[in-house]
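The structure appears right after this line, and notes come after that.
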Amino acid sequence: MNDNYDFRALEEKWQARWEKEGIYQIPDFSDRPKYYCLEMFPYPSGKLHMGHLRNYSIGDVVARFKTMQGYHVLHPMGWDAFGLPAENAAIKHGVHPAKWTFNNIDNMRAQLKQMGISYDWNREVATCHPDYYRWTQWLFLQLFHKGLAYKKKAAVNWCPECATVLANEQVKDGGCERCKTPVIKRELSQWFFKITAYAERLLNDLKLLEGWPEKVKIMQENWIGRSEGAEIDFKVDGMDETITVYTTRPDTLFGVTYLVLAPEHPLVEKLIEGKREEAEIRKFIQKVRNLSELDRTSTEAEKIGLPTGAFCINPLTGEKVPVLIANYVLLEYGTGCVMGVPAHDQRDFEFARKYNFPIRVVIQPAGDKLDPSTMEAAYEGEGVMVNSGKFDGLPNKEGMKAVTRELEKLGKGRFRVNYRLRDWLISRQRYWGVPIPIIYCDNCGTVPVPESDLPVMLPMNVEFKPTGRSPLADCPEFVNTVCPSCGGPGKRETDTMDTFMCSSWYYYRYTSPRETEGPWDKAKVDYWLPVDQYIGGVEHAILHLLYSRFFTKVLYDLKLVNTQEPFTNLLTQGMVLKDGVKMSKSRGNVVSPEDIVARYGADTARLFILFAAPPDRDLEWSDQGVEGCFRFLKRVWRLAAPLADFLKGVPLAPAANLVGANREMRRITHNTIKKVTEDISNRFNFNTAISAIMEMVNALYQYKEIPETDRSPAVLRESLDTLLLLLAPFAPHITEEIWEATGHEGSIHQQPWPAYDPEAIQEDEITIVVQINGKVRERLLVPADLPPEKMQERVLQEPRVLRLIQDKKIIKIIPVPGKLVNIVVK
RNA sequence: GCGGGCGUGGCGGAAUGGCAGACGCGCUGGACUUAGGAUCCAGUGGGUUAACUCCCGUGAAGGUUCAAGUCCUUUCGCCCGCACCA
C-alpha cells in the first residue's frame, strides 16, 4: 500500500471484481434466516439525484450489515418505468418513450454501480417490460373477476390547455403541473379499483404495523377518514322522492332549518324542473362546474347558496324545510347532501346568518344558556338535548344513538359508517403505460382478455400528440381485434393503467423475476415476504404505501400470497436540502451525485450523506462536510498504509492479560463494536455510528504513536480489522482494499460482523461526579464496582467537598452507582 | 381550521431524567513547507477572574423532581400533511 488514497482506481477495481465474482447474487433459499431489505425503486428520469443517493446508501448499509450478521439478505433494484415524463419527452424531442426510458435506465444503473450498492442485479425488473406488464395485466384480471375492478362515469381532472386528463398527482395547487393552467373537472368513463371495500381492514391493520413511523400511520388514518353517523331520509314535499343526508350529528336533527344539495347532485334536475328558479340555478350549476378544483374546494371561497323552490319533511318533526343547492357541498362525500343545523355547525351558522335562516338551539351546554339572537358562533361541543321533543334532557352523545334508533324504527334512517377514502381511479388516457386488458364487443359487452392472450402488447408505432385521448385510440391495428367470447369484431380498451398499479406489486416480482408461469413463484414469495425493511421518501406515505397494502390484502384473499401486510418495518427518509430548501432544478441549488463521486469517490459521498443527519430527518448539504468525510477516509488510509505489510505477519490471536495502553486500546475497540452495532440495529442512527468509528480512528492514531516495544501487535491487528469491519457497510471500497492489503482472504463483505467481548469493555476505575444541590462540584476516580454506601463514604472524605458543605446541614445524599453522588444541603 | 414534527454553539448535529454541546465542519494560534485549499499539534458556548474559581446558558414562562434539553402545563416561531369531509 502506498500513502496515496487513490479512490478512483480502487473503487473501479472492486466494482469490477464484485461483479465478476457475483458476491451480491443471492440464492432463492437458504438455511440462514431471511431478511428482505428494499428501497423504493426509482422512476428512470435520467440521472440519480441526492434523494436517490440517500435512499440507497441507507438501504445498502442495512443490507450489508444484515448480511454480515448472518442473514440471507434479498436486496434488489428495478425501475418504475412507465409514466408521463417519457411521453412528454416524446412529444418534445421526438424520441420514442421506450428508447428514452431504456437509455435512462442504462445511465442510472451505471450510476448505481458506481455507488457500490450491493444489489443483486440478476433480479432487476422494469415495469415497462412486457415480461413484467404481462403480469400487471394478469393481476388486473384477477381484480376484475373478483368484482374489484369496474368502470363508471367520473369527474376527472382536465387541463384545457394541454387538452388531456391529468392524474391527481399531476395537479399542483389546482393547476396543470406542466403549463399551470387551472384544472377543471370533466365527466368521463373510467376504470376504478374498489379500494373502499378494504377501507376497514386498511384502517384496522395499521395497528399491526409497529415498525412504521407514527406519522405515516396517522396520515393513512386521516386519508381513510372513517366517521360514524347516520343516514337520514327526508321526503320531498309533494313529490315521490327522498333526499338522504349523511350526518355525524343525528342528535341535532331537531335543529335542522334547511337542506343543502351539491350542485351536481342527480336529484337537482327533478327538483327544479318547471320551477321559476330553474334558469338561475342552471346558470349557477354551470358556473360551479367550470370552476377550477382549487377555487371549488377553497375554504376561503364565499359560501353561495340558491333555493331550489322545493321543500323537505323532517322525518321526526314533520316540519317543512327549504331545499337549497350550495357550492360548498361536495357530491363525492357522504350522500352529496347535508342537513343545515346553524346552531351547531359553524359552516351552517355562517350560511344561515348570510341567508337569514332560523338558528335553533337543540344542544345546551352545561352551565350555559345559548341564545340564537346573540350567538357569535355555532356551539359544536357536548351538552344536553333541548327543543327535541321526547329526547329533551338526554345528553347529546346518547342522543345520537337514540335518535338514530328511533329513525330505524320508522324506517327513515340508519346507522352508517362513512369513509373519506374514494375508489382508486386507475385509467389514464395515455400511451406509456400498461394497456388495460379489456375488449368491448357489441354482442358480449365488456370482455376480459383471456389470460393465455397476455400480454396485450403496447404498440410501438404511434403518434405522440396531446389530443386529449390515448394515442392508442388512433392506432387501428391496436384497437380493432376479435372478441374472445363470440369471435366477432371487438375494440380494445385504449386507456392505460395508473403507474401506481405497477409499483403496487414489484416487491413480489423480485423474488422470482423471470417467472413465466405466473406473476411469481409462490414458494419464493412465501419465503421472502413480507419485506423486513422498506426505505423511501415520505412523499409516498399515502398513495404508494396505501395501494401496496390494498394489493397485498387482495392477493391474500386470492390466496396468492400469505402475508396481510407487505412491509413490516418502514423508514421514511428526510429530504436533502441546500441552503435550507429542497434541492430542485428550478431553484438552481442542485448538487449532482455524479460530480461528488467524480471528485471524492463513492465511499466519501455515501459516508457524508449518512453522517450529516439521522436518516429520517432533513439533511442540509454541505460541501465542506463532504470534504471532512473525505479527510476522514484519507486518515483511515494513512493509518493502515504503513502497517499493512507488518500486519500481514501478525497471527490472529486473542490478546490476553493486557495492561495500560494495550488494554485501553482493546477496550475502545470493543466499546466501538458495541456502540456501532446498537446504533445501526436499534435505531438506524448511522450518524452516531460513524462518529464512534471516527473516535476509534483518533484513538488508533494515538495508540500508533507509543513505542513499538510497548505495543501489542495482536491488539493492533484486532483493532484495525475491527475498524475495517465496522466501516465496511458505510464505505465498502476502501475497507475492501485495506482488508486485502492487510493479508485477508475473501471479501470483507462476506465476513461475520464482529461481536464485542464483555470482559474487554470492563473498566477498573471510573470518574464519578459529585453534585451539591444538583450542581457539579467535583469529579473523583473510584473503582468501577464501588457500591452506593461506599460511594457516599468516599465522597464525604474529599476535602474539597467537605469545605463546600462545612457550614451547611446535609438533608440527604443520593448515590447513583457508576454515575454520581448528589448531596442535598441547606 | 384539523393532524403531525421540530426549536440545543458561527454551522450539521450528540446527550436510557444524572457531567449539555460527543463527532464533524468552520474559526484562532502554532509546526512542517519555496508554497498550499496537503498534513500534524493546541484552542474554540457566553460572561467573570492574575489564577484557583464562580455565575449564566438547550425559543419563552411556569411546574414536577435530590437532579430537566429530556417529563407536565401554557405560550411563541418554523416545517410538513390534510383541508368546506357535514
Side-chain angles (χ1 to χ4, degrees), chain A residues 3 213-223 225-227 229 245-249 252 260 262 296-303 326-330 332-341 344-348 350-351 418-422 538-539 541-542 574-575 577 580-582 607-608 611-614 616-629 631-632 634-635 638 675 678 682 685 687-698 701 767-779 800 811-825:
Chain A
D3 271 352
E214 211 54 39
K215 173 189 162 140
V216 173
K217 287 191 276 187
I218 288 167
M219 280 167 77
Q220 291 212 353
E221 192 180 322
N222 292 343
W223 188 263
R226 183 183 195 274
S227 71
V245 304
Y246 171 73
T247 179
T248 52
R249 295 293 303 273
T252 62
V260 196
R296 174 81 168 81
T297 57
S298 164
T299 49
E300 308 299 309
E302 196 192 2
K303 292 179 176 51
N327 57 348
Y328 73 93
V329 178
L330 306 173
E332 309 88 45
Y333 186 77
T335 60
C337 177
V338 300
M339 58 186 211
V341 187
H344 305 292
D345 182 286
Q346 187 56 28
R347 288 159 304 175
D348 295 349
E350 286 162 22
F351 194 74
N418 198 51
Y419 299 93
R420 211 192 69 112
L421 183 71
R422 322 244 169 96
V538 73
E539 64 274 18
I542 295 173
M575 287 185 299
L577 310 178
V581 292
K582 189 176 176 173
L607 195 70
F608 168 73
F611 177 63
D616 53 345
R617 258 204 260 173
D618 286 350
L619 179 153
E620 175 68 28
W621 184 266
S622 152
D623 291 334
Q624 287 165 334
V626 178
E627 198 82 46
C629 287
R631 218 142 49 198
F632 168 72
K634 282 193 288 191
R635 218 164 126 74
R638 285 196 317 266
K675 167 94 173 131
E678 288 170 358
N682 299 352
N685 277 8
N687 55 333
T688 51
I690 292 167
S691 52
I693 296 172
M694 287 173 169
E695 285 179 83
M696 183 178 166
V697 168
N698 293 343
Y701 262 88
T767 303
I768 63 160
V769 165
V770 185
Q771 294 182 334
I772 295 173
N773 287 345
K775 296 198 177 193
V776 180
R777 292 301 179 202
E778 185 59 298
R779 281 153 227 269
R800 201 180 125 69
I811 311 278
K812 66 168 137 172
I813 301 180
I814 297 133
V816 182
K819 288 228 167 77
L820 54 75
V821 177
N822 190 11
I823 306 170
V824 187
V825 297

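None of the values given here were measured: they were computed from a predicted structure.
Residue whose closest nucleotide on RNA chain B sits further toward the 5' end, between E214(A) and D348(A): E214(A). Residue E620(A) is the one, among E620(A) and C629(A), whose nearest nucleotide of RNA chain B lies closer to the 5' end (criterion: closest heavy atom).
L330(A) comes within 4.0 angstrom of a base, heavy atoms only. Within the 4.0 angstrom heavy-atom criterion, no nucleotide atom of any strand lies near N418(A). At a threshold of 4.0 angstrom between heavy atoms, the contacts of K775(A) are confined to the sugar-phosphate backbone, with no base atom among them. Heavy atoms of V341(A) sit nowhere under 4.0 angstrom from any nucleic acid atom.
Note that CG of N685(A) is 11.5 Å distant from CD of E678(A), once rounded to the nearest 0.5 Å. One distance of note links CD1 of I690(A) with CZ of F611(A); it measures 7.0 Å at 0.5 Å rounding.
Rounded to the nearest Å, the gap between the P atom of rG7(B) and that of rC11(B) is 14 Å. Nucleotides rC6(B) and rA14(B), compared at atom P, are 12 Å apart to the nearest Å.
Geometrically, K303(A) does not engage F351(A) in a cation-pi contact, judged by NZ or CZ lying under 6.0 Å from the ring centre and within 45° of the ring axis. In this structure, R347(A) fails the cation-pi test against Y328(A), since its NZ or CZ atom is not both closer than 6.0 Å to the six-membered ring centre and inside 45 degrees of the ring normal.
Side-chain contact annotation: R420(A) with N222(A), donor-acceptor N/O pair under 3.5 Å absent.
Whole-Å rounding puts the W621(A) CH2 to rC25(B) C1' distance at 14 Å. Rounded to whole angstrom, the span from the CD atom of E778(A) across to the P atom of rC54(B) amounts to 10 Å.
Of the side-chain N and O atoms in N687(A), one or more sit less than 4.0 angstrom from OP1 or OP2 of rA14(B).
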Dot-bracket encoding of pairs in RNA chain B, which uses [ ] for pseudoknotted crossings and | for another strand, Watson-Crick or G-U under 3.5 angstrom: (((((((..(((.....[....)))((((((.......))))))(((......)))..(((((..]....))))))))))))....
All N/O contacts under 3.5 Å from nucleotides 41-52 of chain B to the protein, with atom names and distances to one decimal?
none

Enumerate the protein-to-nucleotides 65-69 of chain B contacts in which both atoms are nitrogen or oxygen and the separation is below 3.5 Å.
residue	atom	partner	partner atom	Å
rC66(B)	O2'	N822(A)	ND2	3.2
rC66(B)	O2	N822(A)	ND2	2.7

Stepwise side-chain contact (heavy atoms from CB on, under 4.5 Å) test for Y333(A) and V338(A): CA-CA 10 Å; Y333(A) 186 77; V338(A) 300; over 6 Å; no
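D618(A) places a side-chain N or O within donor-acceptor distance of the main-chain N or O of M575(A), the cut-off being under 3.5 Å.
Classified by its glycosidic torsion, rG24(B) falls in the anti category, the angle being over 90° from 0.
Side-chain atoms of D348(A) and M339(A), non-hydrogen and from C-beta on, never get closer than 4.5 Å to each other.
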